[in-house]
Amino acid sequence: MKRTYIADLKDHVGQEVTIAGWLYNKRSSGKVRFVLVRDGTGICQATAFKPELDPAIFDLCDSLDQETSITVTGVVKAFEKAPGGFELGLKNLAIVGVSKDYPITPKEHGVAFLMENRHLWLRSSRQHAIMRIRHQVIRAVRDFFDDQGFTLIDSPILTANACEGTSTLFETEYFGEKAYLSQSGQLYNEAAAMAFGKVYCFGPTFRAEKSKTRRHLTEFWMVEPEVAFMDLEEDMDLAEAFIEFVVQRVLSRCAPELKVIERDVTKLANVKRPFPRLRYSDAMTFLAEKKAEFAKSDDEELRKLSADILKNGPGDDLGAADETAIGMSHDRPVMVHRYPAAVKAFYMKNDPADPNFALCVDVIAPEGVGEIIGGGQREEDLSVLEGKIAQHGLSGDAFKWYNDLRRYGSVPHSGFGMGIERMVGWVTGAHHVRETIPFPRMMEKIWP
RNA sequence: UCCCGGAUAGCUCAGUCGGUAGAGCAGCUGGCUGUUAACCAGCGGGCCGGGGGUUCGAGUCCCUCUCCGGGAGCCA
């Protein structure tokens, strides 16, 4: 069947075309029928006038239920008031597959109901727009690294040992031995960087922690660049250039989608280098000031936030309230660097200027999204690394191959990991990351 | 694992002081020649999450279980 996509209607004004899609909605007024069809590329209104049409076809228009798959033939007209700016003067219509009692009506629904119908929810215009933005984010990620000479070296998903030794992993059986679903490709990335210089990996990542917040998924997609001979400062340069590129690319390529989801794009337009860089110790001072400031606020929400700021105490990792306070106080992402070494992973290199702190960075997005990037400079000295592995109570045997990277021509190197869903969540303003992945996997939720 | 909130029609919700169950949308029937989540009139639709208790009487109060949502910790 020769068919025309709704996105291409602008090239067919005055011509008769056939659109193949699904009934999005229909409206009527006396002897007029408006049949709204979506085909994945857009929504188009086909208009039927009773006196000008075969009565059987006109009646067929009335019989259509939401999401019935149909083909519609007619002449394309430019019509400003129609969704998309074009309409079809309906000449013929055929049902491909009926749809009875489609659960998602064009009205409000609750999250639990929509999640149970995720396989159908994806047809809704808001979800459709978010997935198209996700696609462009992923394209931008690949283009950014590809254009800068990075080589894509994907890391394994099945691994024999826990990478960082701390997180809860999904365990599976591998020919009689225990195996785990990867929680990061980083260790393998380091090996790849010693072979290719500049590398990145991009794939699914798994975390079995019983986390239940709008920022968490048990299965999410992470992109991780790793570069040999790169230090922390250059790592931060890379991270901010990367974020700027991705955000600006979405702004330039996804204007229609951003409009559908009613995203305030002025906030994204601000996302230009340089981003503020804040030492952990300075972040502590900043947070103490914010805590005092918010405590005196008239806004009850801010007073509540104030109570939770610096809850973790000095020397600890930042809490959720701390990230929120930092994020909301800036109009672009903030890079917090040099956290206390004690709270960071074993592979982080200590700051030679003060070994109590690690050469690491977290990028905190504005608008309450929280951390979108975590990274840093890796420890390249074999004996120091072995000491850290022992200190963290990890098995030396498990890291034999990893230590080889320090044994054979070790070099300073750095990298970071960015969660695609959090990035998409920030760019789209989605309330929960579950809307930014087609089929979210969450605590006790693996269906559909 | 912990803290908070919730469960009433297919969906989203209301339900006063404890007194026999309501609306909008969806569905069905009809009306309207330009609709924009169209509108107007009419009709059908209920194990009030499960169990127990208090009471003459429980959707409503108490206990408990189940499920769902939000958050904390942890993280991207």
If the test is side-chain hydrogen bond (donor to acceptor under 3.5 Å, both in side chains), which one of A/Gln186, A/Lys198, A/Arg378 qualifies with A/Glu226? A/Arg378

Of B/U12, B/G73, B/C28, the nucleotide closest to the side chain of A/Asn312 is B/G73

Have A/His128 and A/Ser125 got a donor and an acceptor in their side chains that come within less than 3.5 Å? no

Quickly work out the A/Asn117 CG to B/U12 P distance and round it to whole Å. 10 Å

Touch class at under 4.0 angstrom, heavy-atom based, for A/Glu224 against every strand present: nothing

Using a 4.0 Å heavy-atom cut-off across all strands, classify A/Pro51 as base, sugar-phosphate, or nothing. base

Which part of the nucleic acid does A/Asp317 contact within heavy-atom distance under 4.0 Å: base, sugar-phosphate only, or nothing? sugar-phosphate

For A/Asp65, is there an ion pair with A/Lys100 - N to carboxylate O distance below 4.0 angstrom? yes

Could you please name the option among B/A37, B/A72, B/C28 that lies closest to any side-chain atom of A/Lys100? B/C28

Considering only side-chain heavy atoms of A/Arg422, which listed nucleotide, B/A76, B/G34, B/C28, is closest? B/A76

What contact category does A/Thr205 fall into here, base, sugar-phosphate, or nothing, at under 4.0 angstrom with non-hydrogen atoms? nothing

Between A/Tyr339 and A/Lys344, is there a cation-pi geometry (under 6.0 Å to ring centre, at most 45° from the normal)? yes

Any salt bridge linking A/Glu67 with A/Arg38? Criterion: basic side-chain nitrogen under 4.0 Å from a carboxylate oxygen. yes

Hey, does A/Glu87 reach any base, or is it just sugar-phosphate, or nothing, if we go heavy atoms under 4.0 Å? base

Roughly how many Å apart are B/C13 and B/C65, using the P atom of each and rounding to a whole number? 26 Å

Using the six-membered ring for Trp and the full ring for Phe, Tyr or His, decide whether A/Phe34 stacks on the six-membered base ring of B/G34 (centres under 5.5 Å, planes under 30°). no

Rounded to whole Å, please give me the gap between CG in A/Leu169 and P in B/A76. 13 Å

Could you measure between the two P atoms, the one in B/U64 and the one in B/G22, and give it in whole Å? 33 Å

Taking the side chain of A/Arg27 as heavy atoms from C-beta outward, which of B/A72, B/A76, B/A37 is closest to it? B/A37

If you check the A/Glu371 side chain, which of B/C32, B/C75, B/A72 turns out closest? B/C75

Out of B/A76, B/A72, B/G34, whichever nucleotide has its closest atom nearest the side chain of A/Leu217: B/A76

Could you please name the option among B/C32, B/A76, B/A26 that lies closest to any side-chain atom of A/Thr105? B/A26

C1' atoms of B/A21 and B/C47, separation to the nearest Å: 14 Å

For A/Leu114 and A/Asp101, find the nucleotide of RNA chain B closest to each by heavy atoms; which residue's nucleotide sits nearer the 5' end? A/Leu114

Decide, yes or no, whether a salt bridge links A/Lys91 with A/Asp54 under the criterion of side-chain N to carboxylate O below 4.0 Å. no

Can you find a side-chain donor-acceptor pair between A/Gln183 and A/Thr205 that sits under 3.5 Å? no

Need one value for A/Gln45: base, sugar-phosphate or nothing, where a base atom within 4.0 Å counts as base even if backbone is also close, heavy atoms only. base

By the 4.0 Å heavy-atom rule, please label A/Asn25 as base, sugar-phosphate, or nothing. sugar-phosphate

Give one of base, sugar-phosphate or nothing for A/Gly370, where a contact means two heavy atoms less than 4.0 Å apart. nothing

Paired with B/G44: which nucleotide, if any, by Watson-Crick or G-U wobble criteria at under 3.5 Å for both distances? none

With the side chain of A/Arg207 defined as its heavy atoms from C-beta on, choose the nearest nucleotide among B/A76, B/U35, B/A37. B/A76

Look at all strands and tell whether A/Phe79 reaches a base, only sugar-phosphate, or nothing, counting heavy atoms closer than 4.0 Å. base

Is the closest side-chain donor-acceptor distance between A/Gln377 and A/His413 under 3.5 Å? no

Between A/Glu224 and A/Tyr200, do the side chains contain an N or O donor and an N or O acceptor separated by less than 3.5 Å? no

Listing time: all N or O pairs from protein to nucleotides 66-71 of chain B that are below 3.5 Å?
{"residue": "B/G70", "atom": "OP1", "partner": "A/Arg434", "partner atom": "NH1", "Å": "3.1"}
{"residue": "B/G70", "atom": "OP1", "partner": "A/Arg434", "partner atom": "NH2", "Å": "2.5"}
{"residue": "B/G71", "atom": "OP1", "partner": "A/Arg214", "partner atom": "NE", "Å": "2.6"}
{"residue": "B/G71", "atom": "OP2", "partner": "A/Arg214", "partner atom": "N", "Å": "3.0"}
{"residue": "B/G71", "atom": "N7", "partner": "A/Lys212", "partner atom": "O", "Å": "3.1"}

Taking atom C1' in both B/A23 and B/C63, compute the distance separating them and give it to the nearest angstrom. 33 Å

A/Leu90 atom CG is separated from B/U35 atom C1', nearest whole Å, by 15 Å

A/Ser211 has a side chain; which of B/C28, B/U1, B/C74 sits nearest to it? B/C74

Tell me: CG of A/Asp62 to P of B/U29, nearest whole Å? 10 Å

